[in-house]
Each structure stands twice: as structure tokens, then as C-alpha cells.
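One structure coming up, written as C-alpha cells, with questions to follow.
Chain identifiers are assigned alphabetically (A, B, ...) following the order of the sequence lines, protein sequences preceding nucleic acid strands; residue numbering begins at 1 within each chain.
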Amino acid sequence: MPSTETETDPAAAELAESIDLRRELADTRVGEVLDRLDAELIGLTPVKLRIRQIAALLLVDRVRRRVGLTSGTPTLHMSFTGNPGTGKTTVAQRMAEILHALGYLRKGHLVSVTRDDLVGQYIGHTAPKTKEVLKKAMGGVLFIDEAYYLYRPENERDYGQEAVEILLQVMENQRDDLVVILAGYTDRMDRFFRSNPGFRSRIAHHIDFPDYSDQELMAITETMMQTQNYHFSPGGAAAFRDYIAARRQQPHFANARSIRNALDRMRLRHANRHFAGGAAVSLADLSTIEAEDVLASRVFTGASRPETAR
Amino acid sequence: MRITQGCFSFLPDLNDGDIRTQVQYCIDQGWAVNIEFTDDPHPRNTYWEMWGMPMFDIKDAAAVMLEFDACRKAYGGRCYIRISGFDSTHGWEAVRISFIASRPENEPGFRMIRQQTSGRSVRYTIEPYAADRPEGDRYRA
């Protein structure tokens, strides 16, 4: 075969040299999705970096395959760890889009499940239930939220173990049919992986979601308000900055989720203020959150009842 | 005798890639995909056993292929396996596609029986040779 090799080799090399990765990026919709990820998701720098790396690898793999350089399909199962409200589910959604755009997933839908969807109630119930979910997720992403509940070491007859075994088997054998993303809080996920070493080794990407800084939370608030057609008065913005700092010190702080809930309650107070005022309101009044709407929060007044001030 | 039933019956047997393409077509049309098997090849036998439930909330043919492989592992070589797509839209509510996806290695075919009745008239009927043996035992080597 030496003659054919000398014939194809330079051709392949020439082709490889002339491949423009930028153009390749434009051909797939990946660039677009990545840019949207950058623009719409605030903060999360390490996460974005990792996603860019994965996208780059898949893109290069695509090109390599076209030129005839074979390499096995990469394992893309992931685990997302981080505190509540750091955007794990949102990023998983985007991940499905990116993998679909790169042609790694055929459909690119996201099936989001928890323990209840996988684990059955009685003997023989778990396997069909887990298989049903896996079948639904084929061609897309299976997102298992709070995955550590699958394994309950305190109950040795727990059916979770059975679901874990089926998952592991499919994760290994049908790598090009679906991508599994496990998500959960960092410390509990660590414990989960320690007791299920099979999972750790089958997951290629462990991505940690950092907490948001106060500035990032403020930026998130402004984006959320923009989509709901509200905005802060200057006083309101200052008050909300104080609110974020104060809320962070209290228990059950859930990053962006806490902010969304705070926003909902501010809207309530805002509506009630205008309702109780009785005077005619202008268009600007209807969309401006004032300092008093923020400052009425229990976060500032009664630190004695923190469990209600989520 | 190679038995022909349903769609694509005059084509050579479909390979896995072809089957996957057809199944994906069914899914894209919104049809529920069923896997059925039987060892009674009579054309009037409409009651085939179902392998699992009809699959109607899946997005990708890989899920059907998973079940098809499992069915083939259990019954391949000694049963016919067919895949059908059921359209539940109002007004259709019927099987829109049905094709044989796997068949026994050797198919003995049919015996024709001539029954002499009153006068000189003759009634014809066919009977699969395979049906001579009891159910479940018909295509065992």
C-alpha cells in the first residue's frame, strides 16, 4: 500500500491546511449559540470557558473526521455541581443546543428528571421506568437533577441502585445516542461520586458552578427586570444593592433564584403601593420600582424570621 | 419460501440502517411505533404478540432500535418480527406502516389443501408447514 499512501497523504495534508475553523464555526450554528450563552448568562466564567473548550474539541473532531483522521467518539457525560440558583439547568439547556448544532446529538432536546422519574415503588418497577426515561431522552440530553438522591446508603434495599446500574450501562454502551448530565450541590455530589466510583469514571467533564458576586447578581436582576418591563429608580437600585449584600448573609440564600423571588415580591409591593395610593398612575409609575418597594423587605427589618425571607 | 407481508416486501430484507431510517420517519410523522412478533406466518393471522408498549413519546429511533435488538435477542431466528407505525390522528386512527424487520432463518412455506365438496367443486385453503408444530416450537432448528 505504499503507493496509495503517498498519493492520499499530501492531498489530505493540503486539505487540512486549508481548513478554516472560523468558517467551520459559521457553518454550524455553534458560534451563534456560544455568543448567546455569553451575552445572556452573566458571570460563570469557568463554565463558559469549559463549554467553549468542549465545543472547540467537537468542531475539530468534525473536521478531522472529514479529512479521514479517526478518533473515537468523545465521552460527553457531565456533572454540574454548584450551589442552588447558579444556572445549572439553564446551562444544561444550552449544552443540548450546542451539542445538537455540532451534530453530536441528533435531536438536541432536554429531558429533565429527578429520582422519582427513575426509581420505582416496588420490586421490578424500577428497570422499566428507568428504561422508559432513557428511551425518551435518546438523541438528546438526560438531565438528572439532584442526582445524589439516586443512591441512599442508609437503606440497603433501596431501588435507586438498580436505576444507577441501568444508567451506567446505557452511558457506556450508547454514548453516541445520548448525553447524561448529573447535577446537584457540590458537597453531596462529591459524596455520591465517592460511593459510586463507576459514575465518576464515566463522566468526562466535571464542571463547577461558582456563586455569583454582588455585581453579577445586580446585573442578573436588571436583565430579569428588563424582560418583565420594569426598571429601578436610582434610589431603588441602591437599595437593592444593599438588599443583595444583606440577603447573602442570611440562610437559604439561593443566588439567582433568591433574586427572582425577591423580584416577584417587589412587584407585589409595587402593585400594592399604587393600589393603596388610589391616585392616578402614569406609565412610568407602573414600571418603576422605588426604594420603598425594596426597603419594605423582611431582609432589612426582621432577621428574626429568616426562613420566610427566601 | 420467503414470506412477504406489509411494506417493502418485494425489496431485499432491510438492514439495521434501513430499519432505523424507517423508524425515524414514523417518529417524525408522530406515529406510535410498535414491535410485534409471531411464529404463525399465515397471512390472515392479525394477532401478533407485542414486544413492550407502543412507543409514542420518543424523539429518536435509537430508542426503538434498543427494544428491537432486545426483541431480536429473545425471538430472533425463531419468530417473525415486524415494526408498525400507528397514526392516532382523528380520522386515521390506523396503522400507517408495517414491515417485517426480522424473519426465521428457514421458512418452509405453505401447504395447499384441496377440499372436495358436494358435486365436483373444490375448496382451496393454505396451511403453513410451520404450524404443524406447537406454538413456540415452530422455527427451532
Check your understanding: Within a reach of under 6.0 Å around CD of Gln116(B), are more than 12 heavy atoms found that belong to other residues, nucleotides or ligands?
Key ->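 For Gln116(B), atom CD is not crowded (no more than 12 foreign heavy atoms under 6.0 Å).
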Review point. Is the count of non-hydrogen atoms from other residues, nucleotides or ligands lying under 6.0 Å from Ile113(B) atom CD1 greater than 12?
Key: yes
Pairs table: donor-acceptor atoms between chain B and chain A closer than 3.5 Å:
residue	atom	partner	partner atom	Å
Asp60(B)	OD1	Arg106(A)	NE	2.8
Asp60(B)	OD2	Arg106(A)	NE	3.2
Asp60(B)	OD2	Arg106(A)	NH2	2.6
Glu67(B)	OE2	Lys135(A)	NZ	3.0

Practice item. Verify the neighbour count for atom CZ of Arg123(B): are there more than 12 heavy atoms of other residues, nucleotides or ligands below 6.0 Å? Key: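 No, not enclosed.
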Review point. What residues of residues 95-112 of chain B sit under 4.5 Å from chain A when only non-hydrogen atoms are counted?
Key: none
Revision key, fill the gap. Sequence neighbours excluded, the answer for ring-ring contact (aromatic ring centres under 6.0 Å, His included) partners of Tyr80(B) is Tyr139(B)
Practice item. Sequence neighbours left out, what passes ring-ring contact (aromatic ring centres under 6.0 Å, His included) with Phe199(A)? Give chain and number order. Key: Phe192(A)
Practice item. Measure distances from Met53(B) to the heavy atoms of chain A and classify the residue's part below 4.5 Å as side chain, backbone, both or neither. Key: neither
